[in-house]
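Naming convention: chains lettered A, B, ... in sequence-line order (proteins, then strands); numbering from 1 in each chain.
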Amino acid sequence: MHDIRAIRDDPAGFDAALARRGAAPVATEILALDAARRDKVTAAEAAQAARNAASKEIGAAKAAGDAAGFERLRALVAEKKAEIAALEAEAKAADARLTDLLMGLPNLPLADVPDGADEDDNVELRRWGRPRAFDFPPREHFEIAGVRPGMDFETAARLSGARFVVLSGAIARLHRALGQFMLDTHVAENGLTETWTPVLVREDAMLGTGQLPKFGEDSYQTREGWWLIPTAEVTLTNIVAGQMIDGGYLPRRYVAHSQCFRSEAGSAGKDTAGMLRQHQFEKVEMVSIVHPDDGRAELDRMTRCAEDILERLGLPYRTVVLCTGDMGFGARRTHDIEVWLPGQDRYREISSVSLCGDFQARRMNARFRPEGGGKPAFPHTLNGSGLAVGRCLIAVLENGQQADGSVSLPPVLAPWLGGRTRLTRDGALV
RNA sequence: GGAGGCGUGGCAGAGCGGUCGAAUGCACCGGUCUUGAAAACCGGCGUGGGUCCUGCCCACCGUGGGUUCGAAUCCCACCGCCUCCGCCA
């Protein structure tokens with residue numbers, strides 16, 4: 001959510017920043033609602049002050065035995081009371097309209113974010129590794145001989161429908177190894193705090209991080225009203241919701257390995273083969289809560305944490321900065337990391353790291369008290385995948401595949417695979 | 001699922017119809033003392049909003065209603081949390 005003062009101070013600048021994201025101007029409407037709200041608030045407060053003054057006199061009138069004065073003041077208070085109720089109702093209505101409007105507005109891009117309409121306008125920051133030269137046509141992950149016994153979409157369809165998978169044997173273990181490797185690496189090497197959270201959350205949590213109110217279609221909700229998290233960003237970030245954080249407690253850096261659930265509404269027909277796009281998947285997620293001065297540096301740090309995982313796995317990637325048209329709702333700047341998938345002959349998103357500024361902190365009412373005293377302020381929040389486990393599994397399989405249908409696995413995973421480093425063409429770990 | 005209890009400032013915790021924006025303690029920020037620190041003592045210290053802004057005003061004791069001249073205090077509803085019993089991984 002945006003700071004109404006910032007909009008008051010520079011409505012044109014606000015609209016201009018929104019326009020970079022392709023959003024229509026709203027500052028005029030916001031300021032009109034804000035002005036109406038303040039008019040009502042001011043009027044209501046004046047009436048309240050009058051009532052309070054009369055209330056005080058009542059005591060004196062009664063004590064003095066001034067029956068006439070008492071009745072007169074009593075009538076005045078009754079009159080003000082009705083007036084206050086009416087004005088407060090109007091102020092509240094204006095405030096609700098304003099909040100609804102503000103809660104539906106996306107965050108503003110930072111100045112250094114490139115303008116653009118869609119992913120084609122994203123700007124590459126760097127590349128790491130070189131895609132391997134194959135002396136045979138590389139297959140997609142679900143076509144590789146050694147993979148097929150352990151990746152069962154038919155059974156998953158019977159159980160759950162499209163966009164689900166049953167993993168078994170070596171593939172299930174490799175999948176588990178990847179998640180553990182990522183989590184252990186972030187904790188041991190990057191100083192993040194291992195966290196385990198619910199995957200069912202209240203509506204407030206979804207509002208806080210920005211999945212709601214606009215994107216309810218993308219997530220699942222239970223009969224009891226809980227939402228299934230589409231990412232652990234929701235729970236990790238909302239850890240500080242409603243809190244007053246001691247300034248010395250920042251930065252907070254969390255990491256969690258969780259199930260994620262997405263309805264993929266609007267993705268019909270996209271990535272239907274294989275396990276690239278599933279309704280349920282695993283992700284290792286990083287979240288940082290930092291001092292406002294440290295947000296930009298933290299974005300780079302977090303991006304490096306994610307890139308580091310791919311480098312340890314020996315998977316070629318490129319890092320792009322999303323253009324204004326491709327950024328998510330709550331982001332001010334986003335770095336996507338795309339891993340090379342030989343089977344698709346292209347880079348595909350495997351991580352997205354975003355700096356949200358105080359946008360989510362305002363929605364969550366998460367504040368910190370600066371060290372050395374001072375007014376409470378909003379911290380800045382960041383979130384990033386480190387990494388999407390299912391997609392990483394795909395990348396490991398496709399990049400390591402051999403002509404005979406076996407797969408060479410990254411040596412770094414051996415400790416989580418009982419020392420094994422290869423998947424045979426029959427689907428065994430050796 | 002059944003029964004009961006509780007929601008007050010950063011935290012703990014009083015208050016139970018007016019003198020309460022709210023005692024007290026802790027934490028925090030000054031200051032005295034000290035070579036320095038601690039202790040002790042003195043002072044300060046909630047949040048948000050409005051405004052004709054070196055000030056003044058308004059609101060806020062989970063949320064929303066109600067009773068009353070007047071509500072943190074009484075009543076109702078809702079939300080949340082806790083405890084016990086049942087069930088259960």
Side-chain angles (χ1 to χ4, degrees), chain A residues 1-9 30-100 102-103 196 198-208 212 221-227 235 238-250 252 259 289 291 358 361-379:
Chain A
M1 188 150 83
H2 296 285
D3 182 2
I4 185 70
R5 291 171 205 275
I7 302 173
R8 267 184 224 149
D9 289 347
I30 289 170
L31 292 185
L33 283 172
D34 181 45
R37 182 188 126 265
R38 285 193 285 164
D39 279 352
K40 298 302 177 190
V41 166
T42 305
E45 287 184 358
Q48 281 174 139
R51 182 204 59 188
N52 291 349
S55 282
K56 266 186 186 157
E57 290 178 45
I58 283 185
K62 200 167 188 182
D66 178 4
F70 180 82
E71 283 309 320
R72 180 182 60 78
L73 288 164
R74 195 172 146 161
L76 179 62
V77 167
E79 177 195 319
K80 287 295 171 192
K81 193 173 165 182
E83 192 181 326
I84 291 163
L87 288 167
E88 277 189 338
E90 291 178 69
K92 206 167 141 185
D95 188 60
R97 283 200 303 277
L98 182 60
T99 300
D100 282 351
L102 289 174
M103 283 293 276
W196 187 89
V199 295
L200 292 172
V201 297
R202 293 209 175 102
E203 185 172 56
D204 282 351
M206 296 284 279
L207 284 165
L212 295 176
Q221 192 175 23
T222 70
R223 280 200 303 262
E224 292 82 359
W226 282 311
W227 291 84
T235 43
N238 276 283
I239 284 172
V240 297
Q243 300 292 301
M244 178 69 75
I245 306 161
D246 187 60
Y249 196 66
L250 299 177
R252 298 307 303 162
Q259 302 287 332
I289 315 293
H291 187 281
D358 64 7
R362 284 181 183 282
R363 292 173 155 252
M364 297 186 298
N365 191 30
R367 294 172 300 168
F368 74 97
R369 196 176 293 282
E371 281 187 286
K375 287 278 175 190
F378 295 105

| For every nucleotide of nucleotides 45-51 of chain B, 5' to 3': is a protein heavy atom under 4.0 Å from its base (B), only from its sugar-phosphate (S), or from neither (-)? | --SSBSS
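Classification of A:Arg38 and A:Asp34 as a salt-bridged pair holds, one side-chain N sitting under 4.0 Å from a carboxylate O.
With sequence neighbours left out, the salt bridge (charged side-chain N to carboxylate O under 4.0 Å, His left out) criterion links A:Arg97 to no other residue. Residues satisfying the salt bridge (charged side-chain N to carboxylate O under 4.0 Å, His left out) criterion with A:Asp3, sequence neighbours excluded, are A:Arg362. Checked against salt bridge (charged side-chain N to carboxylate O under 4.0 Å, His left out), A:Glu83 has the following partners two or more places apart in sequence or in another chain: A:Lys80.
A:Glu203 places its CD atom 15 Å from the C1' atom of B:G80, with the value rounded to the nearest Å. If you measure from atom CD of A:Glu224 to atom P of B:C79, you get 14 Å, rounded to the nearest angstrom. Per the geometry, CD1 belonging to A:Ile84 stands 15 Å off C1' belonging to B:U68, to the nearest Å. Taking atom CZ of A:Arg51 as the reference point, atom P of B:U68 lies 15 Å away to the nearest angstrom. In this structure, A:Lys92 atom NZ and B:A59 atom P are separated by 16 Å, rounded to whole Å. As rounded to whole Å, 15 Å separates atom C1' of B:C57 from atom NZ of A:Lys80.
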Grab the N/O contacts between the protein and nucleotides 70-76 of chain B below 3.5 Å, and write none if there aren't any.
unit_1, atom_1, unit_2, atom_2, d
B:G70, OP1, A:Lys81, NZ, 3.4

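Base orientation of B:U34: anti, the glycosidic angle falling outside 90° of 0.
Set against B:G65, B:C57, B:C81, the side chain of A:Arg202 has B:C81 as its closest nucleotide.
On the P atoms, B:A39 is 39 Å away from B:C81, given to the nearest whole Å.
Where RNA chain B pairs in unbroken runs of 3 or more (Watson-Crick or G-U, both distances under 3.5 Å), the stems are B:1-7 with B:79-85, B:10-12 with B:24-26, B:28-32 with B:40-44, B:46-51 with B:55-60, B:62-66 with B:74-78.
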